[in-house]
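Have a look at the structure below before the remarks.
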Amino acid sequence: MDVLNLKAFLITALIFVPIEHLFALRPRQKIVRKAFLNDLIYALFNGAPITLGLIATTTLATGMLGWLVPGFVGAAISSQPVWLQVIEIIVIADIGFYFAHRAFHAIPFLWHFHAIHHSIEELDWLAGHRVHPVDQVLTKSASFVPIYLLGFSGESIVLFAFIFHAHALLLHANVRLNIGPLRWLIASPQFHHWHHANERVAYDKNFAGQLSLIDVAFGTMYLPGKTVPARYGVDDAIPSNYIEQLAYPLVPRGRVNETPSANDA
Ligand SMILES: [Zn+2]
Ligand SMILES: [Zn+2]
């Protein structure tokens with residue numbers, strides 16, 4: 001953890017803690033709730049391995065596949081206004097995110113990495129940090145590799161990364177936020193809370209990271225009125241601390257005390 005990371009984390013806490021207090025979905029949920037310390041460790045220490053992994057995959061992919069996109073295409077893309085590039089990036093990146101996320105639910109080997117994120121039982125902005133680095137590096141690579149290959153400007157990619165991170169934290173936040181008809185276009189906290197529901201009717205729904213419209217298009221949207229799930233989590237026996245959670249997907253399956261989940265299917 002570096003000083004910059006700690007500073008960014010404290011600023012994020014100063015923004016989200018009051019928002020969750022003012023617009024609480026579950027007002028009785030405490031700030032220091034179950035697994036708080038574990039998720040704090042993720043928030044402070046998990047960013048470095050994810051960033052390093054992402055640098056490795058994007059460097060490798062652009063080195064190997066860069067020839068696919070002619071130079072004039074990249075020049076035309078990066079010469080557009082930054083706001084337009086950011087909108088284009090959100091669309092392209094979220095289609096990549098959607099399919100990678102679906103794969104993490106559909107393929108049992110990948111699900112064991114992603115189950116760590118779905119083990120969250122009390123959702124808030126801090127819980128959103130609980131992601132296995134392998135899960136995040138591969139899913140984010142599906143977003144970032146195409147946009148690097150297409151030649152979007154560095155400025156627009158940095159702006160997108162900031163928007164994506166802020167949006168991801170908001171999606172997990174303990175907030176009630178009504179965005180009206182926009183919920184069919186943009187992912188809302190209600191949309192992502194249903195993705196975390198431990199309720200059979202909501203399994204394998206709402207995969208998008210930013211654009212719920214992608215789930216509408218592929219028939220995986222689940223947004224029943226203004227309701228929210230009764231409970232979150234998975235039936236898989238996920239260990240409760242950071243180190244064991246990192247090791248969990250790699251432990252031979254015979255040694256893991258598992259309860260089969262519908263998500264494994
Ligand atoms: Zn998921
Ligand atoms: Zn989530």
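Start at 1 and go down the list; that is how both ligands and their atoms are numbered. Values reported hereafter were calculated over all heavy atoms of this structure, with side chains retained and with hydrogens, waters and symmetry mates removed. Heads up: numbering here begins at 1 and tracks the sequence.
- At most 12 non-hydrogen atoms from other residues, nucleotides or ligands lie less than 6.0 angstrom from CZ of F23.
- Within the protein, the N, O or S atoms lying under 2.8 Å from the Zn ion (ligand 1) are H101 NE2, H105 NE2, H114 NE2, H118 NE2, H195 NE2.
- The shortest distance between side-chain heavy atoms of V175 and L25 does not fall below 4.5 Å.
- When each of K34, R33, R130 is tested with D124 by the rule salt bridge (Lys or Arg N to Asp or Glu O under 4.0 Å), just one qualifies, namely R33.
- In this structure, the ring of H114 has its center less than 6.0 angstrom from the ring center of H105.
- Partner of W125 under the side chain to side chain contact (heavy atoms under 4.5 Å, CB included) criterion, chosen from I15, V17, L171, N174: V17.
- Heavy atoms from other residues, nucleotides or ligands lying under 6.0 Å from CD1 of I31 number 12 at most.
- The name of the N, O or S atom in H192 nearest to the Zn ion (ligand 2) is NE2.
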